Protein chains: 2
Amino acid sequence: MASTISGRPPGRPRAGLHDVVFAATLRTVHELGYARATVERIAAAAGVAKTTIYRRWPSKGELIVDCLLDAFGPVPLEGADRTELMSSAVRWIAAKIGEPGVGDAFAGVFSDAVSDPGLREVLATRLQDPYRRALQDALGEPESRVLFFIDVVVGALLHRMGMTGEPMVDADVAALTEMVLAHFATGPA
Amino acid sequence: MASTISGRPPGRPRAGLHDVVFAATLRTVHELGYARATVERIAAAAGVAKTTIYRRWPSKGELIVDCLLDAFGPVPLEGADRTELMSSAVRWIAAKIGEPGVGDAFAGVFSDAVSDPGLREVLATRLQDPYRRALQDALGEPESRVLFFIDVVVGALLHRMGMTGEPMVDADVAALTEMVLAHFATGPA
DNA sequence: GGGTATCGAAACCTTAGGTAGCGAAACTAG
DNA sequence: CTAGTTTCGCTACCTAAGGTTTCGATACCC
């Protein structure tokens, strides 16, 4: 059998490599950019062999998606009313994208997904759907409106990041928040 | 000397290959997606050798940029007031992105630019700046607000395209138009 | 110490962007 | 018709990167 009484499987233990690899991924992406952050370089930065990475993640894209899930964590859905809720969500995603490496990794994996349907599926299922559902439940908006909200907010933030290489400044984040709040003020149809 | 009396330089003429290559590029991108639309495949679709492509364009990215410039053409800046002007601009870019191949090529070259500073420069200088300036002059808005406008509109359209593989539906384009119009209704600061 | 699962290292495959060299084609000028 | 000029097509090649395979070494449980 593969399992033992203590629950721990026999053999060489899988040390807490996920965290080390995630940190090395963000660091490497931050320092070199997404494309130059090759799997071999990430592995080297983590002090790990390339094959070890591929044993745990089937592709670079899925490694990045897992890394982003780890970096984002749960959406802080705090706020008394819809207005506070939405504005906190916008500021949260803007702040996360501003963290070193996160924005580049996010924009990069999105890039790859453009012409990789498999990665697009992973991105939609593992990253977008959970956050969309959480927003949907909290706001009571229909799916199509939440998707539109995500397109506008994430699209604008990533477009700025992609064009300038820098995250959106606070003033523009404030304008973005104000704009979507005004548009969604009326509540669900 | 390299030129002759008739103005036409001697030697084998550069036939109108640009149009053929542009058409082949959009067709190939539309059929295979951006990443699978390799330069060799585009060349084959155009009935041209790969080396001929690289003689005229220094990289795949610049080929795509030129192709997009050809596909977009000038911004139709028609409209009596700011409202008509902005809404026509939004609908124009949405319609262009909806054309077969154009949206995929646009999203794809944007993707590559994320981690290719040289391409990002080309994209900013040749594609974004002219349209930004035209909008700036027509609207009388400061540069930062026009850039914000572009981030929101183009970002949302490309994000939808990247996530679903399909361009934004008319209802969402209408909502996008309405939203930015409401936000920009007050005129420049 | 024995069994088991993981890790590291090296070699390898494939795709794709991009380059070099050379002969052939197409055109102008005389 | 010939010479000169420019571009084209073809083949072969280089490099980078994602991803796979193999095998020996290592670390853990019992």
Side-chain angles (χ1 to χ4, degrees), chain A residues 1-18 20-21 24-25 28-29 32-65 105 108-109 111-116 118-119 122, chain B residues 1-18 20-21 24-25 28-29 32-65 105 108-109 111-116 118-119 122:
Chain A
M1 298 296 282
S3 63
T4 63
I5 298 172
S6 65
R8 198 199 170 291
R12 186 169 181 170
R14 310 168 57 131
L17 281 188
H18 279 69
V20 179
V21 174
T25 301
T28 309
V29 168
L32 304 177
Y34 183 78
R36 293 183 53 199
T38 69
V39 176
E40 279 194 303
R41 275 193 257 259
I42 290 172
V48 151
K50 185 171 106 172
T51 41
T52 299
I53 303 256
Y54 278 108
R55 267 186 210 107
R56 303 192 176 197
W57 293 276
S59 67
K60 176 182 179 179
E62 298 215 28
L63 163 64
I64 301 286
V65 169
V109 74
S111 310
D112 285 356
V114 167
S115 31
D116 182 342
L119 180 55
V122 171
Chain B
M1 299 296 281
S3 62
T4 63
I5 298 171
S6 65
R8 199 202 169 290
R12 185 170 179 170
R14 311 169 56 131
L17 281 190
H18 278 69
V20 178
V21 173
T25 301
T28 308
V29 168
L32 304 177
Y34 183 77
R36 294 183 53 199
T38 67
V39 176
E40 280 195 302
R41 275 194 257 259
I42 290 172
V48 153
K50 186 172 107 172
T51 42
T52 299
I53 303 257
Y54 277 107
R55 268 187 209 107
R56 302 191 176 200
W57 292 277
S59 68
K60 176 181 178 181
E62 298 215 30
L63 163 64
I64 301 286
V65 169
V109 73
S111 310
D112 285 356
V114 168
S115 30
D116 181 343
L119 180 55
V122 171

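What you see is a predicted model, and the numbers here were worked out from it, not measured in a lab. Side chains included, hydrogens not; waters and symmetry mates left out as well; all remaining heavy atoms used. In what follows, chains carry the letters A, B, and so on, assigned in the order in which the sequence lines appear, proteins first and then strands, with residues in each chain numbered from 1.
- The minimum heavy-atom distance between A:L119 and A:E62, with the atom names listed, is CD1-N, 4.4 Å.
- For the segment residues 37-55 of chain A, the set of residues with a heavy atom within less than 4.0 Å of an atom of DNA chain C comprises A:G47, A:V48, A:A49, A:T51, A:T52, A:R55, in numerical order.
- A straight line from CH2 of B:W57 to C1' of C:dT19 spans 18 Å, rounded to a whole angstrom.
- Following rounding to the nearest Å, A:L119 (CG) and D:dG18 (P) show an atom-to-atom distance of 13 Å.
- The distance from the CD1 atom of A:I53 to the CD atom of A:E40 is 10.5 Å, given to the nearest 0.5 Å.
- Nearest heavy-atom pair, B:K60 versus B:A35, reported as atom, atom and distance to 0.1 Å: NZ-O, 4.2 Å.
- Taking atom NE2 of residue A:H18 and atom P of nucleotide C:dT6, one finds them 12 Å apart after rounding to whole Å.
- Across the protein-nucleic acid pair, B:D112 atom CG and C:dG17 atom P stand 9 Å apart, rounded to whole Å.
- Between A:I64 and A:A105 the shortest heavy-atom distance is CG2-O, 3.7 Å.
- Between B:T25 atom OG1 and B:Y34 atom OH the span is 10.0 Å, to the nearest 0.5 Å.
- In this structure, the NZ atom of A:K60 is 15 Å from the P atom of D:dA16, given to the nearest Å.
- The distance from atom CG of A:D116 to atom P of D:dA17 is 18 Å, rounded to the nearest whole Å.
- The distance between atom CZ of A:R36 and atom C1' of D:dA16, rounded to the nearest whole Å, is 12 Å.
- Shortest non-hydrogen contact noted between A:A45 and A:T28 is CB-OG1, 3.5 Å.
- The separation between A:E62 atom CD and D:dG18 atom C1' is 14 Å, rounded to whole Å.
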